[in-house]
Amino acid sequence: MARFYYDFHIHSCLSPCGDNDMTPNNIVNMALLNHLDVIAVSDHNAMLNLPAIMSVAKENGLVVIPAMELQTAEDIHVLCLFSDLENAMKFSDLIYDSIPKIKNKVNIYGEQQVLDERDNIKRLEENLLIVSSSYGVYEIPKLVKEYNGVAVLAHIDKASNGAIAILGSINPDMNYETVEISKNCKPSFFEENSYIKRDYNIIYDSDAHYLWDIAEQKNYLDLETLTIENVLKYISSKKKGD
């Protein structure tokens, strides 16, 4: 086994809340400067910058997992991570078709930039991406699996868009094996929700909207070899206990 350092929740400038400096080259280079081995760029309800980001990462030896931060019908955020770009983009199209088409107000939410491998702007996404899809939180794990992916409940400790804040608790029937904890999680959260560490795999991510938020070399997975397949296998495995 070896340790591989990760950050699976990074927003590019496609997310309206993401800084315009969150470009493919800047994200990849900051991840390398922070000595990360694998990242996921998970924009809101779309993956339009992933082709460029994965191309840049491949040239620089960084593993990038195709991903999205999906917003469910209940306003719960779910990280969706995929084995390959082709399936990820098909899923991206499915989710994009499911969200209401509301024009983005740039002066309120910020630009939604679609970039190429050289960080040039190809276009601005006109429809607001930080809206809820028509798919419910119970549907997502099975749906994501159909596209060779794994679903993770995002930042469950947060009051905003966290599953526990919205639903009160995580029901095993939801069929999530892994949950994400934010970097600013308070110890009292685990005291109040003791079943989390017992029943679920846990990942810790930055939810970076700015370059300086991208995680440093802190959180890691123990894997035989670093492949997207092995990362997803870990995330989808049932908790065996400590």
Side-chain angles (χ1 to χ4, degrees), residues 6 8-11 15 38-48 50 54 64-101 129-158 160-182 193 195-205 207 221 223 227-241:
Y6 70 86
F8 296 145
H9 196 154
I10 299 172
H11 290 271
S15 294
V38 54
I39 65 171
V41 177
S42 41
D43 286 311
H44 290 286
N45 290 332
M47 303 185 192
L48 300 174
L50 268 177
M54 293 186 74
V64 174
I65 298 176
M68 168 193 290
E69 184 176 22
L70 183 152
Q71 186 164 317
T72 71
E74 303 90 349
D75 291 341
I76 293 170
H77 286 181
V78 179
L79 284 180
C80 305
L81 301 103
F82 297 88
S83 63
D84 60 276
L85 183 59
E86 181 179 359
N87 274 291
M89 297 306 290
K90 290 178 180 178
F91 184 83
S92 179
D93 290 342
L94 178 76
I95 297 305
Y96 185 83
D97 288 343
S98 79
I99 63 175
K101 302 304 182 282
L129 295 174
I130 47 173
V131 292
S132 291
S133 73
S134 62
Y135 294 100
V137 68
Y138 280 78
E139 297 177 85
I140 297 303
K142 182 180 179 182
L143 182 63
V144 171
K145 189 175 182 179
E146 292 175 1
Y147 290 84
N148 293 337
V150 177
V152 176
L153 288 172
H155 45 65
I156 62 168
D157 55 300
K158 286 187 175 182
S160 176
N161 304 111
I164 292 178
I166 291 176
L167 299 179
S169 64
I170 301 174
N171 188 325
D173 291 341
M174 294 165 71
N175 291 318
Y176 292 86
E177 305 297 343
T178 297
V179 297
E180 179 195 56
I181 300 296
S182 71
N193 300 277
Y195 68 95
I196 296 297
K197 287 187 175 181
R198 183 190 69 232
D199 297 339
Y200 294 94
N201 299 312
I202 297 174
I203 57 175
Y204 296 84
D205 292 316
D207 195 2
L221 302 179
L223 303 171
T227 64
I228 294 178
E229 180 182 1
N230 283 345
V231 172
L232 297 189
K233 184 177 180 181
Y234 171 88
I235 292 174
S236 61
S237 65
K238 289 187 178 295
K239 182 73 181 284
K240 296 181 175 62

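Along the sequence shown, the residues carry numbers beginning at 1. What you are looking at is a predicted structure, and each value in this text was computed from that prediction instead of being measured.
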Taking atom [atom1] of [X] and atom [atom2] of [Y], what is their separation to the nearest 0.5 Å?
{"X": "M89", "Y": "L48", "atom1": "CE", "atom2": "CG", "result": "5.5 Å"}
{"X": "N230", "Y": "L221", "atom1": "CG", "atom2": "CG", "result": "10.0 Å"}
{"X": "I39", "Y": "I10", "atom1": "CD1", "atom2": "CD1", "result": "4.5 Å"}
{"X": "I203", "Y": "Y234", "atom1": "CD1", "atom2": "OH", "result": "8.5 Å"}
{"X": "I166", "Y": "S160", "atom1": "CD1", "atom2": "OG", "result": "7.5 Å"}
{"X": "R198", "Y": "N193", "atom1": "CZ", "atom2": "CG", "result": "11.0 Å"}

Would you call the rings of Y195 and Y200 parallel, tilted or perpendicular, where under 30° means parallel and over 60° means perpendicular? perpendicular

Please work out whether the ring planes of H9 and H11 are parallel, tilted or perpendicular, with thresholds of 30° and 60°. tilted

Are any side-chain N or O atoms of [X] and backbone N or O atoms of [Y], one a donor and one an acceptor, separated by less than 3.5 Å?
{"X": "N175", "Y": "D173", "result": "yes"}
{"X": "S92", "Y": "A88", "result": "no"}
{"X": "N201", "Y": "S237", "result": "yes"}
{"X": "D84", "Y": "N87", "result": "yes"}
{"X": "T178", "Y": "I235", "result": "yes"}
{"X": "S83", "Y": "N148", "result": "yes"}
{"X": "D157", "Y": "I181", "result": "no"}

Within a strict 4.5 Å, meaning less than it, do heavy atoms of the [X] and [Y] side chains meet?
{"X": "L70", "Y": "N45", "value": "yes"}
{"X": "K158", "Y": "S182", "value": "yes"}
{"X": "V231", "Y": "Y6", "value": "no"}
{"X": "L153", "Y": "M174", "value": "yes"}
{"X": "I140", "Y": "C80", "value": "yes"}
{"X": "Y147", "Y": "L94", "value": "yes"}
{"X": "I202", "Y": "I196", "value": "yes"}
{"X": "L85", "Y": "M54", "value": "yes"}

Do [X] and [Y] have side-chain N/O donor and acceptor atoms under 3.5 Å apart?
{"X": "E229", "Y": "T227", "value": "no"}
{"X": "H155", "Y": "D205", "value": "no"}
{"X": "H77", "Y": "E180", "value": "no"}
{"X": "H44", "Y": "Q71", "value": "no"}

Compare every heavy atom of [Y] with every heavy atom of [X], then report the nearest pair and how far apart it is.
{"X": "P141", "Y": "A151", "result": "CA-CB, 4.0 Å"}
{"X": "F82", "Y": "G149", "result": "CD2-CA, 3.7 Å"}
{"X": "Y135", "Y": "E74", "result": "O-OE1, 4.4 Å"}
{"X": "P66", "Y": "L50", "result": "CA-CD1, 3.7 Å"}

I156 and I170: CA distance, side-chain angles, deciding distance, side-chain contact (heavy atoms from CB on, under 4.5 Å) verdict: CA-CA 9 Å; I156 62 168; I170 301 174; 4.0 Å; yes

Any salt bridge between K90 and E86, counting N to O under 4.0 Å? yes

Between L232 and L81, is the side-chain contact (heavy atoms from CB on, under 4.5 Å) condition met? List the steps. CA-CA 8 Å; L232 297 189; L81 301 103; 3.8 Å; yes

After noting the C-alpha distance and the side-chain angles of V152 and Y176, does the key distance pass the side-chain contact (heavy atoms from CB on, under 4.5 Å) rule? CA-CA 6 Å; V152 176; Y176 292 86; 5.8 Å; no

Taking the six-membered ring of Y96 (Phe, Tyr or Trp), confirm whether the NZ or CZ of K101 is under 6.0 Å from its centre and within 45° of its axis. yes

Quick one, M47 with I95, criterion side-chain contact (heavy atoms from CB on, under 4.5 Å). Give me CA distance, side-chain angles, the key distance, then yes/no. CA-CA 10 Å; M47 303 185 192; I95 297 305; over 6 Å; no

